[in-house]
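Worksheet: one structure, shown below.
Predicted, not measured: the structure shown is a model, and the values here were computed from it. Just so we're on the same page: letters track the sequence lines, and every chain starts at 1.
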There are 2 protein chains.
Amino acid sequence: MGNGKGAAEVICVGTELLLGDILNGNARYLAQELAALGIPHYYQTVVGDNPNRIQRALAIACERSRLILFTGGLGPTPDDLTTEAIADFFDAPLIEWPNVVEDIRKKYASIGVAPTDSSFKQALQPQGAELLPNNSGTAPGMIWEARPGLVLMTFPGVPREMKGMWSETSVPWLKQRGWSQGTFASRTLKFHGIGESTLAEQVAPYFERENPTVAPYAGDGEVRLRVTARAETEAEAIALIDPVAKELEAVGGDHYFGADEQTLATVVGELLLGRGETLAVAESCTGGGLGQRLTDVPGSSSYFWGGVISYDNSVKQNLLGVEAEVLEKQGAVSEVVAEQMAQGVRAALKTSWGIGITGIAGPGGGSDEKPVGLVYIGIAGPDGSVKAVKCLFGQRERGVIRDRAALEALNLLRLALA
Amino acid sequence: MGNGKGAAEVICVGTELLLGDILNGNARYLAQELAALGIPHYYQTVVGDNPNRIQRALAIACERSRLILFTGGLGPTPDDLTTEAIADFFDAPLIEWPNVVEDIRKKYASIGVAPTDSSFKQALQPQGAELLPNNSGTAPGMIWEARPGLVLMTFPGVPREMKGMWSETSVPWLKQRGWSQGTFASRTLKFHGIGESTLAEQVAPYFERENPTVAPYAGDGEVRLRVTARAETEAEAIALIDPVAKELEAVGGDHYFGADEQTLATVVGELLLGRGETLAVAESCTGGGLGQRLTDVPGSSSYFWGGVISYDNSVKQNLLGVEAEVLEKQGAVSEVVAEQMAQGVRAALKTSWGIGITGIAGPGGGSDEKPVGLVYIGIAGPDGSVKAVKCLFGQRERGVIRDRAALEALNLLRLALA
């Protein structure tokens with residue numbers, strides 16, 4: 001790691017962050033941007049609109065980082081204290097920038113408002129700092145080598161202004177001065193139906209690699225491996241990723257389903273499109289969640305024709321043709337009902353494939369024989385065959401069981417289509 | 001400020017945060033919760049999955065905070081290092097909790113998977129720590145007074161698990177030990193169909209109040225006002241909130257729909273239950289999202305019977321009885337089709353009410369006459385009447401338009417039922 005210059009640190013200033021009024025989207029944006037530039041970044045700090053605490057955070061950052069990115073606290077109100085706190089920390093006088101004074105006058109005039117005295121506070125920067133222009137607001141920031149080898153940048157907290165200033169001025173500045181050496185590229189491999197720890201054990205030796213690096217993470221019922229490489233050019237970085245990704249995909253086998261922006265719904269969509277086939281769904285316990293995932297994909301109307309939310313048993317009978325006798329003898333949550341739902345919706349909507357989901361999402365409705373988390377998923381295919389799979393998602397929350405059931409249905413269809 | 005115990009600090013552990021892969025929703029949640037408890041909170045730190053840097057962040061936090069909340073790094077993989085790093089920092093041996101070992105075995109068994117050796121790492125906690133149980137995942141956390149007057153708590157990074165553990169165990173623990181002096185109570189009032197700035201202007205004088213305080217925030221297409229009071233007892237705090245909340249509800253008028261855990265889906269459910277009526281939905285552009293919202297509510301099967309996802313026009317005709325001529329002349333996205341869908345699904349499922357949604361979620365499929373964001377919502381009532389409303393959600397993202405359409409449909413039904 002390292003670019004020869006040192007690591008970056010993000011310090012977000014704003015009491016609204018400490019009260020939880022807003023999500024810290026600025027920290028995420030800068031994190032993504034630093035990763036793309038290959039600038040290492042080990043710490044983020046959030047601190048309130050308080051000059052002493054801003055200075056304490058700055059003192060810590062100076063010890064461990066060489067590029068300190070501040071967001072927030074540059075505006076005209078008494079709460080905006082970042083610039084003064086930084087100047088005071090380094091014992092630097094504040095200097096007024098006449099062109100910024102002029103710019104503030106013009107921007108206020110353009111909206112027909114008289115600037116207050118405090119507006120001109122935004123024209124002050126510590127002596128020695130370069131101006132970091134703000135083309136969409138009144139508060140500029142600064143780029144300042146406050147000590148040899150220690151660079152500070154300040155940005156307003158307004159995301160749009162911060163992003164514009166970062167990409168228009170900061171990124172070129174950093175590239176020109178050698179902060180971004182080479183290029184980083186990464187690929188996220190996605191797996192379904194295998195636990196995080198099981199996959200991690202199978203690919204453990206890869207976690208020791210240096211370039212590309214491999215790291216696991218889990219989220220939303222998916223397990224992911226992120227492969228990241230560094231090289232002179234993007235093409236070279238991708239060439240480093242490709243063979244390792246192939247090996248990891250092979251280890252994952254059937255569990256591997258896609259990379260990066262791909263989801264189970266997009267993969268299923270691509271497979272259906274490739275085969276010129278169509279799909280309909282019959283949902284009981286997921287209540288529309290499978291249809292929603294499928295139709296999250298733009299263009300899904302080419303292969304997804306719709307479905308029936310058969311929450312009540314009367315709907316299972318009347319619209320899907322599930323037999324009353326089966327419902328009575330086997331119960332609504334049973335293998336046969338899942339199969340009849342899949343076949344019924346395929347027939348009613350005249351599609352190639354049909355999926356039927358019936359289960360107990362809880363928290364009520366479970367029994368010893370049929371516990372919460374029991375879900376049957378039926379898949380009816382274009383050859384007229386049908387098969388149901390029994391899933392046990394455990395005593396989880398209602399929302400989790402419903403999500404897992406929808407994902408599992410997509411995965412079963414993916415395996416049937418592949 | 002101050003509760004006599006000292007300030008809290010949040011340390012989020014996760015390289016995925018430093019790469020910008022995810023937003024730091026955990027920090028925001030804990031910030032909101034600390035504010036509600038009246039526990040001061042001056043710093044948040046984000047650090048990667050690296051034991052040295054976790055320990056450096058911990059060393060700094062010990063100097064300035066008395067309650068340190070860790071999220072992330074409790075799982076079974078080699079990257080999950082938080083517990084070890086903390087134990088090592090305080091020179092405490094790790095102790096295995098037999099009941100957690102047993103619990104891990106059971107949770108794996110309930111999903112039919114064999115636990116790996118590394119799974120049991122999650123049963124280790126530093127000697128002297130109390131267990132912080134995790135009822136929805138395998139990784140518990142700890143509550144540990146590591147030094148006199150210094151309390152550490154650890155939570156997994158999975159938001160659902162962290163939130164459950166926080167509210168079920170940490171909050172009662174903190175209250176019992178006097179971290180939250182006096183009692184804070186708050187109520188979040190929810191509004192639909194009014195902009196944040198419009199509502200904020202109408203209730204501006206309330207933002208100056210001290211006890212209770214009133215603060216606005218927006219999220220997920222809802223506008224909310226949070227009323228927070230501090231008093232000796234909860235009953236006294238609620239007595240302070242009640243009159244102010246009533247005034248704010250009156251200002252909101254029809255736009256006010258509920259408080260706290262209530263959602264448009266629960267409110268609609270309560271209204272339907274109260275009237276002994278039932279509902280069915282016909283969804284085109286939302287693709288199941290309305291059904292999913294309705295069935296997110298436990299017990300919704302008492303009033304929600306199901307629906308038809310009529311993504312393809314053939315489904316609108318065959319299952320809902322939308323007329324071919326209307327589809328051809330008016331187009332699928334039209335007032336008449338929304339009405340016929342609502343009536344059709346009400347008739348097919350034999351329910352009191354029917355909702356029909358048809359629109360253009362984009363990004364493709366828009367025209368000058370029918371732009372992306374145009375949605376018609378039809379409501380058919382028990383008296384046989386039907387009425388469609390035209391909505392323009394603007395050139396927003398596909399997911400946003402779909403969410404707004406589902407919420408608007410629930411709101412229209414709420415107004416029809418009220």
Side-chain angles (χ1 to χ4, degrees), chain A residues 17-21 23-25 27-29 31-32 35 41-48 53 60 195-198 200-201 204 207 215-217 287-292 294-296 298 301 304-312 314-315 319 348-349 363-364 392-399, chain B residues 15-20 23-25 27-29 31-32 35 41-48 53 60 75-79 107 110-113 116 118-119 136 160 217 287-292 294-296 298 301 304-312 314-315 319 348-349 363-364 398-399:
Chain A
L17 288 163
L18 293 180
L19 291 171
D21 288 338
L23 268 166
N24 197 347
R28 183 195 187 182
Y29 173 82
Q32 288 177 316
H41 164 226
Y42 302 132
Y43 298 97
Q44 294 172 349
T45 305
V46 175
V47 65
R53 288 194 281 268
I60 292 164
E196 186 188 9
S197 55
T198 310
E201 275 188 15
F207 299 153
Y217 54 108
L290 177 57
Q292 192 185 29
L294 285 159
T295 57
D296 268 341
S301 55
F304 178 66
W305 283 17
V308 172
I309 304 171
S310 55
Y311 218 55
D312 194 74
S314 67
V315 184
L319 271 73
L349 272 73
L392 288 166
F393 296 113
Q395 294 277 345
R396 292 193 171 89
E397 281 178 16
R398 180 176 177 83
Chain B
T15 300
E16 67 277 21
L17 289 163
L18 294 179
L19 291 171
L23 268 165
N24 197 346
R28 184 195 185 180
Y29 173 82
Q32 287 178 318
H41 164 227
Y42 302 132
Y43 298 97
Q44 294 172 350
T45 305
V46 176
V47 66
R53 289 194 280 267
I60 292 165
T77 79
D79 265 5
K107 281 175 177 161
S110 80
I111 54 170
V113 172
T116 60
S118 66
S119 309
S136 48
R160 186 176 27 82
Y217 53 106
L290 176 56
Q292 191 184 30
L294 284 158
T295 56
D296 268 342
S301 55
F304 178 66
W305 283 17
V308 172
I309 304 170
S310 56
Y311 218 56
D312 194 74
S314 67
V315 184
L319 271 73
L349 273 73
R398 179 177 178 84

Picking from [options], which has the most non-hydrogen pairs under 4.5 angstrom with chain B?
options                      : result
A:Pro363, A:Gly306, A:Ala348 : A:Gly306
A:Gln395, A:Glu397, A:Arg396 : A:Glu397
A:Ala204, A:Gly364, A:Ser197 : A:Ser197

Checking heavy atoms, do the side chain of [X], its backbone, both or neither come under 4.5 Å from chain B?
X        : result
A:Val315 : side chain
A:Asp296 : both
A:Thr198 : both

For the atom pair [atom1] ([X]) and [atom2] ([Y]), what is the distance rounded to the nearest 0.5 Å?
X        : Y        : atom1 : atom2 : result
B:Tyr311 : A:Leu294 : OH    : CG    : 9.5 Å
A:Leu18  : B:Tyr43  : CG    : OH    : 10.0 Å
A:Leu17  : B:His41  : CG    : NE2   : 9.5 Å

If we only count heavy atoms from C-beta on, is the A:Phe304 to B:Ile309 side-chain gap below 4.5 Å?
yes

Looking at B:Pro76, B:Gly289, B:Gly399, which one has more heavy-atom pairs under 4.5 Å with chain A than the rest?
B:Gly289

Measure across A:Leu392 and B:Ser110 and return the closest heavy-atom pair with its distance rounded to 0.1 Å.
CB-O, 3.6 Å

Candidate pair B:Leu319 and A:Leu349, rule side chain to side chain contact (heavy atoms under 4.5 Å, CB included), full reasoning
CA-CA 8 Å; B:Leu319 271 73; A:Leu349 272 73; 4.0 Å; yes

Does any backbone or side-chain atom of [X] lie under 4.5 Å from a heavy atom of chain A? Answer side chain, backbone, both or neither.
X        : answer
B:Ser118 : both
B:Pro298 : both
B:Ser301 : both
B:Arg398 : side chain

